[in-house]
Amino acid sequence: MAVLRSFLRALENLAVLDDPPHRTALALAIGVGLSFSPLLGLQILIAIGVALAFKLSRIAVFVGLCANVPWIMLPWYGLKTAAAAAVLGTSTVDLNARLDLLLSVPFYRAAFWGHAADLLEAFLVPFLIGPTLGALALAGLTYAVALRVLTRRAAERLASAVPQSFL
């Protein structure tokens, strides 16, 4: 519940931007989508590039980037990767056996890196697909909610700015 309140508070702060509600909602959704994508470490660079290329609100994009906090990251990526692995059929890989093999050899040996490559091969595609699809879904949901809230706030500001003698 606290997360929802802080999200709505952030939307309230974004409502005062001069951009139209649909552009602010789009910028926020792009930030949220990138935040939850598997592009770890590249999100900020991509966000800056997208915001500049499409002349979107950099503030709204960065607010969206802050949506994925460290205590959400591991469960998010773990659950989305596991779901994608189950759908793709790679969840049948014996993870415990592969981890045992990996950890049974010192990291400075070639065998360690061979076992690491085997483990990565089994879960790289699910890691790319699961969080990407989840990020796209969250971005769409963010856009819908943000557009509704921002449009309502813009209408309220417009109504309050019109002198009462005109009504």
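The figures that follow rest on heavy atoms only: side chains count, while hydrogens, waters and symmetry mates do not. Model, not experiment: these values are computed from the prediction.
There is no path of hydrophobic side-chain contacts, each under 4.5 Å, that joins Y143 to L141. With hydrophobic clusters built from ILVMFWY side chains whose heavy atoms lie under 4.5 angstrom apart, I59 does not share a cluster with L26. The cluster map of Ile, Leu, Val, Met, Phe, Trp and Tyr, joined by side-chain heavy atoms under 4.5 Å apart, puts L79 and M73 in different clusters. I48 and F54 fall within the same hydrophobic cluster, where Ile, Leu, Val, Met, Phe, Trp and Tyr residues are linked whenever their side-chain heavy atoms come under 4.5 Å apart, directly or through other members. Cluster membership for W71 and V32, using ILVMFWY side-chain heavy atoms within less than 4.5 angstrom, is shared.
Contact detail for T81 and P126: the closest heavy-atom pair is O-CB, 3.6 Å. Looking at every heavy atom in both residues, A139 comes nearest to G33 through CB-CA, 3.9 Å. Heavy-atom minimum distance, H115 versus V105: CD2-CG2, 4.1 Å.
At distances below 3.5 Å, at least one donor-acceptor pair connects side-chain atoms of Q43 with backbone N or O atoms of G41. The backbone N or O of T24 sits nowhere less than 3.5 Å from a side-chain atom of D19 that would complete a donor-acceptor pair. S35 places a side-chain N or O within 3.5 Å of a backbone atom of N68 that can act as its donor or acceptor partner. Side-chain atoms of R23 come within 3.5 Å of backbone atoms of K55 as a donor-acceptor pair (strictly under, hydrogens ignored).
Considering only heavy atoms from C-beta on, L128 comes within 4.5 Å of L124 through its side chain. In this structure the side chain of L52 reaches within 4.5 angstrom of the side chain of R58, judged on heavy atoms. Side-chain atoms of L56 and I30, non-hydrogen and from C-beta on, do get closer than 4.5 Å to each other. Counting heavy atoms from C-beta on, the side chains of I44 and F62 come closer than 4.5 Å. Using a 4.5 Å cut-off on side-chain heavy atoms (C-beta onward), F112 and P106 make no contact. In this structure the side chain of L138 reaches within 4.5 angstrom of the side chain of W76, judged on heavy atoms.
Here N96 contributes atom CG and L101 contributes atom CG; the two are 11.0 Å apart, rounded to the nearest 0.5 Å. One finds the OG atom of S104 at 11.0 Å from the CZ atom of R109 (value rounded to the nearest 0.5 Å). The distance from the CG atom of L28 to the CG atom of L147 is 11.0 Å, given to the nearest 0.5 Å. Taking CG of L150 as the reference point, atom NE2 of H22 lies at 11.5 Å (rounded to 0.5 Å). How far CH2 of W113 is from CG of D118: 13.5 Å, rounded to the nearest 0.5 Å. Separating the CG atom in L65 from the CD1 atom in I46 is a distance of 10.0 Å, to the nearest 0.5 Å.
Y77 and F127 have tilted rings, their planes meeting at an angle from 30° to 60° on a 0 to 90° scale.
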What do the steps show when you test L88 against I129 for side chain to side chain contact (heavy atoms under 4.5 Å, CB included), and what is the final call?
CA-CA 10 Å; L88 295 172; I129 291 174; 3.9 Å; yes
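Taking a 6.0 Å sphere around CG of L39, one finds it holds more than 12 heavy atoms contributed by other residues, nucleotides or ligands.
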